[in-house]
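Let me begin by presenting the structure, written as structure tokens, before commenting on it.
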Amino acid sequence: MIDNSYKWYPLYTRSRAEKTTQEALAKKNIISYLPLKKVLKQWSDRKKIVEEPLLKSYLFVYISTKEYAEVLMTYGVSRFIYFSGKIASIPDKQLADLKLLLANAMDLEVIEYDISLGEKVLIKAGPFKGIIAELVSLKSKKSIVLRLQDIGYSILINTSMAFIEPIT
């Protein structure tokens, strides 16, 4: 059965081909999103701030099921990400939260493993206001985790404990 509704789907790309894959998708008029972070790189003669993918080898596309084949035939695309035997889709709210985090990129750290479940909290103030996250304790520091469940990544942000409230 073909589903004509559009959703965000995570893609796995060839190594270090995220930007070229995004350009190839744009040439096919396929909407994609590549979360980028700014990183200070140092060479022997200079320092420069460059943009790198937040999630290495991951790219998100906004498509319907009828466009699967077209996406897979795009240069740089390796495969779709599967979860429980079917192609994973990412809720619009999670992608919006990710964009908000990157727009206010204060202190982001990506963890490539699943963090054990913690208490769900709502951030009620500050630049991350409105995001529902999970509370974890790391090295006796309190941090908030935004979990992208379907692709196995978590994003760690540091914010004041005064800005959060538990969800009941």
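- Under the side chain to side chain donor-acceptor pair (under 3.5 Å) criterion, the residue pairs touching residues 13-27 are R14-Y75, with sequence neighbours excluded.
- We find the OG-CG distance between S78 and L11 to be 9.0 Å, quoted to the nearest 0.5 Å.
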Worked check of side-chain contact (heavy atoms from CB on, under 4.5 Å) between L102 and L36 | CA-CA 8 Å; L102 289 171; L36 297 170; over 6 Å; no

Do L59 and L25 pass the side-chain contact (heavy atoms from CB on, under 4.5 Å) test, and can you show the C-alpha distance, the side-chain angles, and the key distance before you say yes or no?
-> CA-CA 10 Å; L59 184 66; L25 288 165; 3.5 Å; yes

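- Remark: Y82 engages F80, I87 in a side-chain contact (heavy atoms from CB on, under 4.5 Å) (not counting sequence neighbours).
- In this structure, the separation between CD1 on I132 and CD1 on I123 is 10.0 Å, given to the nearest 0.5 Å.
- Nearest heavy atoms, L98 versus P35: CD2-CG, 3.9 Å.
- In this structure, Y62 has its ring center no closer than 6.0 Å to that of Y9.
- The structure places CD1 of I63 at 10.5 Å from OG of S89, a figure rounded to the nearest 0.5 Å.
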Run the numbers on V71 and Y68 for side-chain contact (heavy atoms from CB on, under 4.5 Å), then give the verdict.
-> CA-CA 5 Å; V71 169; Y68 282 174; over 6 Å; no

Tell me which donor-acceptor pairs under 3.5 Å the side chains of residues 41-51 have, and how far apart each pair is, sequence neighbours excluded?
| from | atom 1 | to | atom 2 | distance (Å) |
| --- | --- | --- | --- | --- |
| K41 | NZ | E52 | OE2 | 2.7 |
| E51 | OE2 | K38 | NZ | 3.2 |

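- In this view, K28 and E70 satisfy the salt bridge (Lys or Arg N to Asp or Glu O under 4.0 Å) rule, not counting sequence neighbours.
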Does the side-chain contact (heavy atoms from CB on, under 4.5 Å) test come out yes or no for L54 and L101, once each step is laid out?
-> CA-CA 11 Å; L54 180 67; L101 286 173; over 6 Å; no

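- Ring centroids of W8 and F60 are separated by 6.0 Å or more, keeping the two rings apart.
- Pairing each heavy atom of L34 with each of P53, the nearest pair is CD1-CB, 4.2 Å.
- Contact record, A88 with P10: O-CD, 3.2 Å, taken as the closest heavy-atom pair.
- Taking Y12 as the reference, Y58 meet the ring-ring contact (aromatic ring centres under 6.0 Å, His included) condition, with sequence neighbours excluded.
- Cation-pi geometry between K99 and Y33 is met: under 6.0 angstrom from the ring centre, within 45 degrees of the axis.
- Here salt bridge (charged side-chain N to carboxylate O under 4.0 Å, His left out) pairs that include residues 72-98, with residues two or more places apart or in two chains, are K93-D97.
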